Amino acid sequence: MNHTRKAFRTTLMLGVLALSMLVSACSQPGAAPSPSGAAEGGEAAAPGTGGSAIGFIFVGTKDDHGYNQAAYIGSEAVEQAFPDMKVLRSENVPETAEAERVMEQMIKNGAKIIFPTSYGHLEPSLNVAKRHPDVAFFHQGGLKTADNLGTYFGTIWEPNYLAGVTAAQMSKTGKLGFIVSVPIPQVLLNVNAFQLGAQSVNPDATTSVVFTGSWCDPGQQANAANSLIDAGADVLGQHQDCTKTVIETAERRGVMSVGYHTDASALAPEGWLTGSVWNWSDLFVDMTRTAIDGSFKGSIYDGKYRGMLKDDVVQLTDFGASVPEDVRTYVLEQKQAIIDGTLHPFAGPVKDQEGNVKIEEGAEPDAEELEATDYLVEGVIGSIPK
Amino acid sequence: MMIADILTGAIRSGTSVMLASQGELISERAGVINLGTEGSMLCGALGGFAVTVWTGNPWLGVLAGGIAGMLISAIHAFLVLACGANQLATGLTIMFFGMGVTSFLGRGFVSEQIVGFNPVPIPFLSDIPFIGGILFNHDPLTYLAILFVPCLWYVLFRTRLGIVLRATGERQEVLFASGINPKLVRYLAVLAGGFLAGVGGVQLSVAFTHSWVENMTQGRGVVAVALVIFASWMPARAMLGAYLFGAAQALQLTVQQQGLPISPFFLFMVPYLLTLAALLIVERKQRSLMPESLGKVFAGDGAR
Amino acid sequence: MKQQAGAAALSPANGMTRGNRWKPAALKTALMLAPFVVFGLFLLFHNVNPVTLYISMIQSTFGDLYGFGEVLLKATPFILTGLAAALPAKAGLVNVGGEGQLAIGALFSTWFAVFYLDAMPAALGIPLMLLAGALGGGLWAAVTALLKVKGGLNETITSLLLNYVAAFTVGFFVHGLLKDPNSFNWPFSPEIASSLRLPVVNGTRLHVGILLALVLAAVTWYVLARTRLGFRIRVIGSNRFAAERAGFRINRTYFWVLVAGGMLAGIAGMIEIAGIEGRLRASTGVNYGYLGFLAAMMAWNHPLRIVLTGFILGMISVAGNTLEIASGLPASSVHILMGLVLFFILGSGRRSS
């Protein structure tokens, strides 16, 4: 009868699906135990004190060989340094008001310190910060602050300049390629730094820039890498969240690459030159300690903190095997000059693509000025949407 | 030179879509539309990548990816053919389910490295000026994919199997008369379609990018479904459509490198707008070619 | 029609055409619970206690006002984009374009809010902004509708493809013409005037948008169930040829139900801007259109039931965060639960609504 046939079908369906679940169970990610109850903090407590957990939210996945992995490694350092604290993490948190809910849930689970690690998490963080004056927020890359929200970032364009120096010295064609996501200041700044570095050793060097419109789309990245290589580029740089595809594609096509966010030299034993990477671990631990101690307010972290090459917050990785000794020596000299303050990557005059002077002769713009970059420098080929 | 680069790029980035569209074509010829192609591609991309990581053998990856794509399309076949579920809604659900399952199971694979397929230039042929570089300097899976198209055409139009498949989509009564169960044919067609979409996913992850990232197909499966209609259910035309889509993607990157003041966001739209325009152009002749039972799905009967 | 004949052949037993009436409540309940059981097994394999999770899911939804507000916030766009799918579905059309229609609705409402409505009092500004959102969503749907009516293109495929175009269009605007001049060149629109923000319930982020969604669901139901217009739409949907013979203007109906659906999705976009986000970003409302479509499917396109299914999907989405924070499983795991719920509903064999 119809009845039993339906029941039979339903059972069959259940079975098939349960079976597929069984198969899926083969891959076993580490699961953590359930959270403890929320700890209530006093109203007047200093932000960040008295919590039982520390929250980290990421915009992507932790194994992207890139932006999120760098921040994730920082969160692991915090986990090790504060064994009594539970570290709560949430990946793939979109840069919308959705992030507010995630942070609220973390606070409910006892977090008094929260690291929103993507630029777009800033406004949701400011909203949550207003509601929870006893929670300390450390936002990555933000340009606005609040009483209990400080921002931190690194001057990653310094190592990117050095990567440009290395690239231009290694390039045979003088044509460099740079694969980027969307035209935001941090991205344009990195492209500019790369080109200025390249220009400093080879005035004829050019950087072709290609936008993929996405932070992590391997298909588009591979297209873009192939397209740049076909057009003659022999060193590829990038500003993407996940960096693996571009570096591997360059390696397979026999051209060189510079890395970004994390050291991915293992992916390209032949073509890896060097990379600009974050070193969040020490900074994250120090920020967390400051907040737990109750000294968040008045510390260097309660405003806009920018770690530089000299602070070891941003780094240039080791060189790849193919980089000869004389190039290494030269680049390291330049690095030392940046650390000593005798070399400023954006020292004027700097001209944009149309030849307009954007940074005057003799001027040395600070981090805050540079973080509002809205142009590409002379020698970069490509255009940004107006 | 530049044209050659764009055409080479078209084949590189269009082959995954092409394979998926051939699979969808088989399924639609038998009268079942499967919007879950995107999900099948994702499962294939992950399955193929994972098995290549484990075994180091990309050919086993192809097999595994095909099977993964087939398994998820089996859910579609079952719900549609056994339970009479709405084809379009089921397909979309498969798409979401595929996204969820693969992003969950794929987490550990994002950072894995594989030795996947690499380009193997064909001796002599790859030396032909212009054409050699475009056609004969690809990975083995791409060659196979291209060779598959005439094979599919032959099977569809020159063999008994092809007649049975097409009759299933057109006139089931004839089949009953000759003692063939049309439902069985449809099951097999949907499974074959899922297998090919899965292999398309493998082409993307193991041959083209050598990477796995969640949701990496980015709508390629949806485009594949649209291309089948554009192609009027003909294998060669579906291939042409897929490579047009690939060419549009390569073209926008080349245009960007010319430094023209065109917003990249407009260029990103080009492949999708081109597909729409192509659909509009071929629409006039396609009605007569549409498998009859598919027409019912589109006319609303299957949508409810 | 043939299809229906086939359906009858599959269920010959009772000779009942509306197969749902006789289905015992027990089986129905089992169908509702089954996906949760299967997902529970899945969780068990990953060392997560499903009972704890389901309890914490219910707790975070009904435990306090904030949590309940969050679920309602999530449900609002799902309900509206669900209606955007359901209304055309009654005429036999498949609108998967809620995603793009929501995005363009958000774009239009932000554009008007930023450039024309910033000095207006709330009583005038908010309704105008709402109209702008409806206009945007309606126009975007009109593209699909025109391609359908004039070009003969299948609306499922075109509305899906246009979703991608819509996303890039929003990207174009937030990186260009609609970029906040004070954003340090970051890609988002200026913030809309505070007078244009929807009133909020104290202690939560919950705004009056949910009420609007409920009203629109009721209106859609009323129109479909109780008016001549609704009758025509349903006739066209259930028997196109009969409708043709009765002299109904089918293409015209197709056009307007698609546009009306687009307007509903566009309103969802406006509510996201005026209610929660306050400004437009490239990522505003991503996936809401697709989830709304699934909400409609779960409700068999019944406008009032969409309120319930939208709420359930809202609950499941919010639970994703709970799951990740509590157990370390990725939030996307709940997509699996959503898929399962839908498989069971789609597979339960009901053919018409």
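Nothing here was measured: the structure is a model prediction, and the numbers come from that model. Convention: sequence-line order gives letters A, B, ...; per-chain numbering from 1.
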Which heavy-atom pair separates [X] from [Y] by the least distance, and what is that distance?
X         : Y         : result
Ile157(C) : Ala226(B) : CG2-CB, 3.3 Å
Cys83(B)  : Gly347(C) : CB-O, 3.3 Å
Ser263(B) : Phe172(C) : OG-CD1, 3.3 Å

Step-by-step side-chain contact (heavy atoms from CB on, under 4.5 Å) determination, Val222(B) to Tyr164(C)
CA-CA 10 Å; Val222(B) 178; Tyr164(C) 295 94; 3.8 Å; yes

Do [X] and [Y] come within less than 4.5 Å of each other through their side chains, counting heavy atoms only?
X         : Y         : answer
Thr169(C) : Met269(B) : yes
Leu346(C) : Val80(B)  : no
Leu160(C) : Leu35(B)  : yes
Leu342(C) : Phe96(B)  : no
Leu162(C) : Leu276(B) : yes

Please classify the contact between Ile94(B) and chain C as side chain, backbone, both or neither, with a heavy-atom cut-off of under 4.5 Å.
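Contact with chain C: backbone and side chain both.
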
From CG (Leu279(B)) to CG (Leu161(C)), nearest 0.5 Å
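It is 7.0 Å, given to the nearest 0.5 Å.
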
Determine the interplanar angle of the Phe268(B) and Phe168(C) rings, folded into 0 to 90°, and report it as parallel if under 30°, tilted if 30 to 60°, perpendicular if over 60°.
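Tilted.
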
Give the C-alpha distance, both sets of side-chain angles, the deciding distance and a yes or no for side-chain contact (heavy atoms from CB on, under 4.5 Å) between Tyr290(C) and Met99(B).
CA-CA 13 Å; Tyr290(C) 292 121; Met99(B) 284 180 191; over 6 Å; no

Quick one: do His335(C) and Phe97(B) satisfy ring-ring contact (aromatic ring centres under 6.0 Å, His included)? Show the steps, please.
CA-CA 6 Å; His335(C) 279 157; Phe97(B) 187 68; over 10 Å; no

At a heavy-atom separation under 4.5 Å, does Phe293(C) approach chain B through its side chain, its backbone, both, or neither?
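Phe293(C) touches chain B through side-chain heavy atoms alone.
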
Applying side chain to side chain contact (heavy atoms under 4.5 Å, CB included) between Leu88(B) and each of Asn154(C), Thr156(C), Val96(C), report the one that passes.
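For Leu88(B), the side chain to side chain contact (heavy atoms under 4.5 Å, CB included) check succeeds only for Thr156(C).
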
Determine, using ring centers only, whether Phe78(B) and Phe343(C) are less than 6.0 Å apart.
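Here the rings of Phe78(B) and Phe343(C) have centres that are no less than 6.0 Å from each other.
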
Quick check on the interface: out of Thr90(B), Leu273(B), Leu92(B), Val223(B), who has the most heavy-atom pairs with chain C under 4.5 Å?
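Counting heavy-atom pairs under 4.5 Å, the top option is Leu92(B).
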
